[in-house]
Amino acid sequence: MTVDDSQLRRAAWIASLLANSDDNDHRQLAVSFAILAYHHMDGEIGKDLYRNYLFTIMSRLGNVPVVQSYFEDEAETAVSAGPSGPNDPEDGIPETLKYELRGTEAHYSVLTDDTDAEGLDDLILTRFQKNVWEELADGRDTAFSGPTSSGKSFLVRKYIEYLSATRAEFCGLYLVPSRALIAEVSAELVNKLPDFVPVRTEVVNSSEPAETVVYVLTPERALGLLESSDDIDLDFCFVDEIQSVEKSERGPLFEFVLDSVIGAWPEAQIVGAGPFVKNVASPIDDAKTYIYDQPSEESDVEEVETTYSPVYRLQSEFTFKPRSNKLKLTVGDQTSFKAERKIERPNDVTFSTVKGNKSETVRAFAELYREGDPLLVYAETVSRAEDLAERIADDRETNNSRFPDLVSFLREELTESYPLSKCLQSGVAYHHGGVPPFARSEIESLYRNGEIDTIVSTTTLLEGVNLPAGKILVVDHTVGGEKGDELTPFQLQNLVGRVGRVGKRLHGQVLYVDHNDDRWASNHVGGITRKEIQPVTTEVLGKRPEAVVNLLDSPLHLTPSGSKRSTAVFLKSRYLIDPDQTRRFVLWRLEQSEESNVEEYLKRILYGLQALRERLDVPVRVVEQNPGVDPDVVENMFREIRDDPSAWVVHPEHIAPDLRDLIERLDDVAALVPKGRREEQAETRTHDTSTLAELAAGWLQEKDYKTLVTVNELNDVSELLRTLRQDVRYALSKYIKVVGDTLEHVDTSGVAPKAVKFTQRLNLYFEHGTSSEATLRLMNLGFSRSVALRLTLLDELPTRSKIENYLTDPNTQLNSFVEHRINRHGIGE
């Protein structure tokens, strides 16, 4: 179809009018036209004219920074240029329009030069960002929702910069949904914040307490901040991916931490954000309602929402039919546009391939679409991500000179056969929570820079990891494989929201592949899906209150994990910590549900919780420090530790044998390993306590992955990394913390003080893979374990200045990759 110039100019005029609309659908049409028209004329004589159309429309949409970052030096030229000649005024920007563009730029600028803050640059924001900034700068509790491309995280980082630079003292918390995001967010903040503002990724005892500090923590690590609430004056809390309160197992933990922060620091500014959420403020509003019972008007949360995206996203569904050389192609975008046509199918992909061999389907489509913009491929499981990346890499030429420092470091730390090394040399990588942090961070950087063209990733993308792509390929629509659940429309939209990157590319492609027997993608092409947050506690208490009642009268360590168990655990913990608030919480959740017998179930739940309180001897402080562990299990542990504390400690000189004994005791009380029990009842993947103890001891003693992979039952490095993540860094660390906290409340006069102190910090050592306080300090500055262990700063606790001196010392010899990673933190450059 040919569109003549007069039609394009008329469309540009209409789009420029739609750009001024407050209707998001109108605005999306305007941006879609501007981007498509500009790229349609790419390389043509009239390109300058359509660049000016793009400038004008983006400006009226309030997206001046989008165009400026995209065109870089051209932006200033376009805004300042006048008509190119008296006979051709359309090819330049008329004087009146220049005034408009400059006025728009000024309107969306945030002036900071009156704050006396050194190094704080003026900001030019989008319309959405400016609306959010105004609420933030007024000190209001705020929640905002928008597409991935709307720059939510960027805005919050800039606001933290602003607060830390303009206040004499400032303590901020950036709450991230996963450990995978800690390194990314902390590195961004370290590189932007002044040197006097430390960024901490763990709450540990510091010999140099900072008046100004920013914490980047997961909800699990934030529990340590809550334990120190009497000594910390929190000013600001940002909850990223606030819809995480819906998660089956971790949702109640998110909710508990958010509620606890609001209760502990009532004067702190609370901010939350999420993508495409209708009621993004509800988790904060709800908390203020049942915490304060009668919230005042001042506690109302300001809400800013948009569905408008400054990136054009074309979605394509390839539907294969049996015994046909044709396939159906359905295309759509963020507007109401949708079209279908038949095209020739690729020679090496048939209906049978798509239906029965997803690996081969992914390989073929990845090869077809590898050129041009970088590609993301979604994989439903960790093992599938690794297998697919290897399959894609097998078809490509290996270049041994690619990323020599990273590949060499991977082979030193892991094994020669670790598949990621080979994949990288073919320009391919995989990405999931089990990839070592140093490698995952480096992969993200290489991908953003275009040095890796294909990444296969799991649902880590749904947790806010910043991996913007030019194209994304989705062949499977489940989470967890064949036995998993289907991706919801919201999850799928959040996933494909990674396509397009403001500042690099204004458009991207989403590629869905399905077949006639399962056209799962047909309802996802085109349009926008928004959702309302429903915390998992509302879902459980509203639909399955009877099940919750039945879980309150006994230990839950033999109950399968899931939403019912996690809700019951946190209800029990909440009640022991604050009965009145818990009553209001349960009533609020029941009233929000469709349950008709609210008073009856409230009475029964409170009866069960009161009976819990009467049968427990464990100090409430221990429960408060470990709200994610069933209080009945904590009680059983408390009684055994109280009776014989010497049997529950680990001596630093006898780590291996003491750990073996301790883990056997924990297994008896908390059912850690699945041996003799159903898999879903166990906390770990490891099937016997001796294997778990050997792995845990080696991890604690700073052994590298290459050595640890020789532990019994661990078939390869990938299996090792998954087991370390689940068994040692999560499950074992969680229960060891209960032991350490309990030791503070029992008589340990007959136990070696050194062993008691060591055991009280053992959970921290397990999570980080070291018992060295110096190494812990380095990791708290944002370095990964593998990098921190290569630095020989063990004679004293390192600080940023000491690291600088260490690096400039001519006697210091560093692995080139380690030096590169240190420089990435803005140290030593």
Side-chain angles (χ1 to χ4, degrees), residues 143 145 175-178 218-220 222-223 239-262 272-287 289-291 459 462-464 479-480 484-491 494 530-552 556 559-575 577 581-582 584-595 598 601-602 605 608-609 627-631 680 683 730 734:
S145 170
L175 198 66
V176 295
S178 67
T218 59
E220 288 83 359
L223 294 174
V239 185
D240 198 9
E241 304 292 327
I242 198 169
Q243 74 278 3
S244 297
V245 295
E246 295 185 313
K247 290 186 175 182
S248 174
E249 292 187 47
R250 293 180 75 223
L253 171 62
F254 270 88
E255 200 171 24
F256 175 84
V257 168
L258 175 60
D259 296 357
S260 299
V261 167
I262 292 172
F276 296 111
V277 178
K278 292 181 182 178
N279 60 335
V280 67
S282 64
I284 304 173
D285 262 332
D286 288 356
T289 298
Y290 50 72
I291 288 173
T459 52
L462 299 177
E463 297 178 332
V479 180
D485 298 324
E486 286 193 9
L487 287 165
T488 66
F490 174 77
Q491 287 176 317
N494 195 9
R530 298 179 71 204
K531 67 170 293 178
E532 290 192 1
I533 296 176
Q534 185 184 55
V536 67
T537 51
T538 297
E539 193 272 335
V540 171
L541 287 170
K543 296 181 179 178
R544 292 173 283 179
E546 188 72 34
V548 175
V549 171
N550 294 334
L551 292 175
L552 297 180
L556 301 176
T559 302
S561 60
S563 58
K564 289 185 292 185
R565 172 174 161 176
S566 60
T567 298
V569 165
F570 275 92
L571 272 184
K572 292 164 83 171
S573 297
R574 275 177 178 267
Y575 188 81
I577 297 167
Q581 185 195 113
T582 305
R584 296 194 296 270
F585 172 81
V586 173
L587 179 60
W588 179 260
R589 289 289 177 245
L590 288 171
E591 287 178 341
Q592 285 186 316
S593 70
E594 299 177 358
E595 176 56 53
V598 169
Y601 276 114
L602 176 64
I605 289 172
L609 293 173
V629 181
D630 177 25
E680 63 266 26
E683 292 275 354
Y730 175 67
K734 179 173 71 172

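Residue numbers run from 1 in the order of the sequence given.
R250 and E220 are joined by a salt bridge, as a carboxylate oxygen and a charged side-chain nitrogen come within less than 4.0 angstrom of each other.
Between L175 and V261 there is no side-chain heavy-atom pair separated by less than 4.5 Å.
Contact between K564 and A547 at its shortest, heavy atoms only, is CD-CB, 3.6 Å. Considering all non-hydrogen atoms of both residues, Q491 and V479 come closest at OE1-CG2, 4.4 Å. The minimum heavy-atom distance between V586 and I605, with the atom names listed, is CG1-CD1, 4.0 Å. Listed here is the closest heavy atom pair of A568 and L556: CB-CD1, 3.9 Å. In plain terms, the two heavy atoms of V549 and Y601 that are nearest each other are CG2-CD2, 4.3 Å. In terms of heavy-atom proximity, A287 sits nearest to I262 at CB-CD1, 3.7 Å.
Distance check, rounded to the nearest 0.5 Å: CD of E255 to CD1 of I242 gives 10.5 Å. Note that CD of E246 and NZ of K531 are 3.0 Å apart. Values are rounded to the nearest 0.5 Å. Atom-to-atom distance recorded for F570:CZ and D630:CG is 11.0 Å, nearest 0.5 angstrom. Between the OG1 atom in T567 and the CD atom in E249 there is a gap of 10.5 Å [rounded to 0.5 Å]. Interatomic distance, CZ of F585 versus OG1 of T537, reported as 4.0 Å (0.5 Å rounding). The CG atom of L551 sits 10.0 Å away from the CZ atom of R565 when rounded to the nearest 0.5 Å.
With T218 contributing its side chain and P177 its backbone, the two residues share no donor-acceptor pair below 3.5 Å. Of the possible polar contacts, none joining the R589 side chain to the G542 backbone as a donor-acceptor pair under 3.5 Å is found. When atom types are taken as modelled, the side chain of N279 and the backbone of I533 share a donor-acceptor pair closer than 3.5 angstrom. A side-chain donor-acceptor contact under 3.5 Å links T582 to the backbone of R574.
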Exercise for the section: Output, in order, the C-alpha distance, side-chain angles, deciding distance and verdict of side-chain contact (heavy atoms from CB on, under 4.5 Å) for Q581 and I291. Expected result: CA-CA 6 Å; Q581 185 195 113; I291 288 173; 3.8 Å; yes

Exercise for the section: For side-chain contact (heavy atoms from CB on, under 4.5 Å), just list the numbers for T289 and W588, CA-CA rounded to whole Å, side-chain angles, deciding distance to a tenth of an Å, and then say yes or no. Expected result: CA-CA 9 Å; T289 298; W588 179 260; 3.5 Å; yes

Practice task
Would you sort out whether N494 and F276 count as a side-chain contact (heavy atoms from CB on, under 4.5 Å), showing the intermediate values?
Solution key: CA-CA 8 Å; N494 195 9; F276 296 111; over 6 Å; no

Exercise for the section: Go through the steps to decide whether L223 and F256 satisfy the test side-chain contact (heavy atoms from CB on, under 4.5 Å), and finish with yes or no. Expected result: CA-CA 10 Å; L223 294 174; F256 175 84; 4.0 Å; yes

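Between S563 and R544, the side chains place a donor N or O and an acceptor N or O closer than 3.5 Å (distance only, hydrogens not considered).
Taking a 6.0 Å sphere around NZ of K247, one finds it holds more than 12 heavy atoms contributed by other residues, nucleotides or ligands.
The side-chain contact (heavy atoms from CB on, under 4.5 Å) test with F490 singles out one residue from E532, Q243, R530, and that residue is Q243.
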